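Shown next, in structure tokens, is the structure this report addresses.
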Amino acid sequence: MEKRVFLIVLDSFGIGAEPDAAAFGDAGTNTLGAIANHPNFNCPNLRKLGLFNIDGVTAGERTDAPAAAFARLQEQSMGKDTTIGHWEIAGVVSPEPLPTFPEGFPEELIREYEQKTGHKVLCNKPYSGTQVLKDYGEQAMRENALIVYTSADSVFQVAANEELVPVHELYRYCEIAREMLKGKYGVGRVIARPFLGNSADTFYRTTNRHDLSLKPPRATMLDLLKDAGKDVIAVGKIYDIFDGEGVTEKIKTTGNTNGIAFTKALQTRDFEGLAFVNLVDFDMLYGHRRDVAGYAAAATEFDRFLADFLPGMREGDLLMITADHGCDPSYTKTTDHTREYVPYLVCGKGVKAGMDLGTKLCFGTIAKTICEYLEVDASTLDGKSVWQEIRA
């Protein structure tokens with residue numbers, strides 16, 4: 001029997017503040033709670049799987065007969081960013097946070113970056129990705145400058161207008177930054193943020209974003225699966241997050257709709273192993289922009305996909321749905337990620353429907369479970385498999 005796992009990360013789909021959320025400035029945050037009562041939220045398939053039956057979830061209406069096994073996962077790593085979240089999902093806990101730069105990057109580093117790229121740098125402080133274009137975009141175009149900014153996350157972001165700095169050139173400038181940002185400056189991601197438009201009122205970010213991540217500190221689930229001869233298909237920004245490590249096939253997407261379409265197409269293909277999908281719009285377009293209505297509508301779009309996907313699952317298929325952190329769109333103290341539990345829904349013909357796993361420490365539960373299901377040794381990974389608990 002061909003065994004396939006479809007692991008879908010709803011980027012930032014948190015389900016309530018973790019016990020240490022206050023230490024991250026995120027007390028009381030709840031991404032699911034913020035969207036579940038919005039008129040745009042209509043998720044009967046997530047409800048059927050058991051989303052609202054998960055430990056600690058007070059939003060939505062529970063179902064008497066969940067179709068999936070379900071759990072609440074607590075992050076063990078010291079962070080709330082994409083890189084650390086995905087590494088932990090893949091079985092690697094990060095006990096130390098990646099470096100952040102709340103005052104901007106050191107002046108000497110920025111001067112060196114200007115020298116190496118040949119462009120003046122503007123901003124160099126934490127900023128909203130859309131507001132930074134309004135405030136610095138016109139000046140950047142006048143002076144042919146690069147806009148460098150960061151956030152509460154461990155990121156070095158570089159924005160430039162595609163008409164002045166071609167996308168391939170911006171990617172090269174980000175590669176220069178990635179080479180520079182190591183050791184104490186080793187941010188999780190360098191992100192290319194190309195934009196178009198000709199004035200503060202018309203600037204918009206294009207879909208040509210590109211992330212250059214640190215390599216994981218040791219082998220992840222992806223490496224173990226690849227080394228065992230399994231397929232590891234990366235959909236969306238998964239390839240970038242792991243810097244290509246352990247990936248056998250890369251599928252670039254332009255957002256949720258496109259990522260959902262690719263995932264549906266993969267269901268009709270023969271492969272043996274893992275399809276690892278990230279749906280980025282939840283976070284990028286709606287979470288950070290504190291758009292409750294948009295976030296709720298994106299959840300509904302994903303739920304409609306489930307209505308098509310679930311009936312087409314094969315005998316050896318597992319579907320897993322989770323998240324990498326929170327990004328509560330109703331939390332207005334910041335526009336950053338929020339420290340939250342994440343959902344873990346597992347369904348398939350070989351899964352015990354309605355199995356309540358409670359709360360599990362470590363997102364690595366996912367990696368260990370996938371590896372055990374695919375019969376790959378995962379003794380080097382963090383976390384604990386729940387396969388024996390959920391297998392039918």
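Computed from a prediction, not measured in an experiment: that's the story for all the values here.
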For this session: Test salt bridge (Lys or Arg N to Asp or Glu O under 4.0 Å) on D270 and R314 and set out the steps.
Result: CA-CA 11 Å; D270 292 333; R314 298 178 184 174; 2.9 Å; yes

Considering non-hydrogen atoms only, spot the tightest contact between [X] and [Y] and give its length.
{"X": "K226", "Y": "V247", "result": "NZ-O, 3.7 Å"}
{"X": "S151", "Y": "D336", "result": "CB-OD1, 4.0 Å"}
{"X": "P126", "Y": "P102", "result": "CG-O, 3.2 Å"}

Do side-chain atoms of [X] reach the backbone of [Y] as a donor and acceptor pair under 3.5 angstrom?
{"X": "E372", "Y": "S385", "answer": "no"}
{"X": "S77", "Y": "G79", "answer": "no"}
{"X": "N278", "Y": "V280", "answer": "yes"}

Exercise. Can the positive tip of R72 be found less than 6.0 Å from the middle of the six-membered ring of Y344, inside 45° of the ring normal?
Worked result: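 Negative - R72 is either too far from the ring of Y344 or too far off its axis.
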
Rounded to the nearest 0.5 Å, what separates atom [atom1] in [X] from atom [atom2] in [Y]?
{"X": "D227", "Y": "D377", "atom1": "CG", "atom2": "CG", "result": "11.5 Å"}
{"X": "L46", "Y": "L10", "atom1": "CG", "atom2": "CG", "result": "7.5 Å"}
{"X": "D55", "Y": "Y341", "atom1": "CG", "atom2": "OH", "result": "8.0 Å"}
{"X": "L32", "Y": "F52", "atom1": "CG", "atom2": "CZ", "result": "5.5 Å"}
{"X": "D153", "Y": "T100", "atom1": "CG", "atom2": "OG1", "result": "9.0 Å"}
{"X": "L73", "Y": "D324", "atom1": "CG", "atom2": "CG", "result": "12.0 Å"}

Restricting to pairs with a member in [range], which pass salt bridge (Lys or Arg N to Asp or Glu O under 4.0 Å), not counting sequence neighbours?
{"range": "residues 5-27", "value": "D11-K237, E18-R339, D20-R339, D26-K80"}
{"range": "residues 129-152", "value": "K120-E143"}
{"range": "residues 203-217", "value": "R189-D211, R209-D211, K215-D243, K215-E245"}

[atom1]/[X]: more than 12 non-hydrogen atoms of other groups inside 6.0 Å:
{"X": "K48", "atom1": "NZ", "answer": "no"}
{"X": "K333", "atom1": "NZ", "answer": "no"}
{"X": "E108", "atom1": "CD", "answer": "yes"}
{"X": "Q388", "atom1": "CD", "answer": "yes"}
{"X": "K384", "atom1": "NZ", "answer": "no"}

[X] and [Y]: side-chain donor and acceptor closer than 3.5 Å?
{"X": "N208", "Y": "E162", "result": "yes"}
{"X": "D328", "Y": "T31", "result": "no"}
{"X": "Y127", "Y": "Q131", "result": "no"}

Problem set entry | Beyond-backbone contact of L319 with M313, side-chain heavy atoms, under 4.5 angstrom |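 Yes, close enough: below the 4.5 Å cut-off.
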
Exercise. Side chains of S213 and F242: does their closest heavy-atom pair fall under 4.5 Å?
Worked result: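 A side-chain contact under 4.5 Å is absent here.
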
Exercise. What orientation do H288 and H337 show, parallel under 30°, tilted 30 to 60°, or perpendicular over 60°?
Worked result: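 Ring orientation of H288 relative to H337: tilted.
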
Exercise. Would E249 and R269 satisfy salt bridge (Lys or Arg N to Asp or Glu O under 4.0 Å), going step by step from the backbone distance to the final call?
Worked result: CA-CA 13 Å; E249 181 180 347; R269 272 181 46 184; 2.9 Å; yes

For this session: Please report the C-alpha distance between Y295 and F282 in whole Å, then the side-chain angles of each, then the deciding distance to 0.1 Å, and finally whether the ring-ring contact (aromatic ring centres under 6.0 Å, His included) criterion is met.
Result: CA-CA 6 Å; Y295 207 121; F282 288 106; 5.4 Å; yes

For this session: Verify the ring-centre separation between F6 and F271: is it less than 6.0 angstrom?
Result: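 Centroid distance F271-F6: below 6.0 Å, so yes.
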
Exercise. Would V342 end up clustered with M320 when hydrophobic side chains under 4.5 Å apart are linked, directly or stepwise?
Worked result: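 Per the 4.5 Å side-chain linkage, V342 and M320 are co-clustered.
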
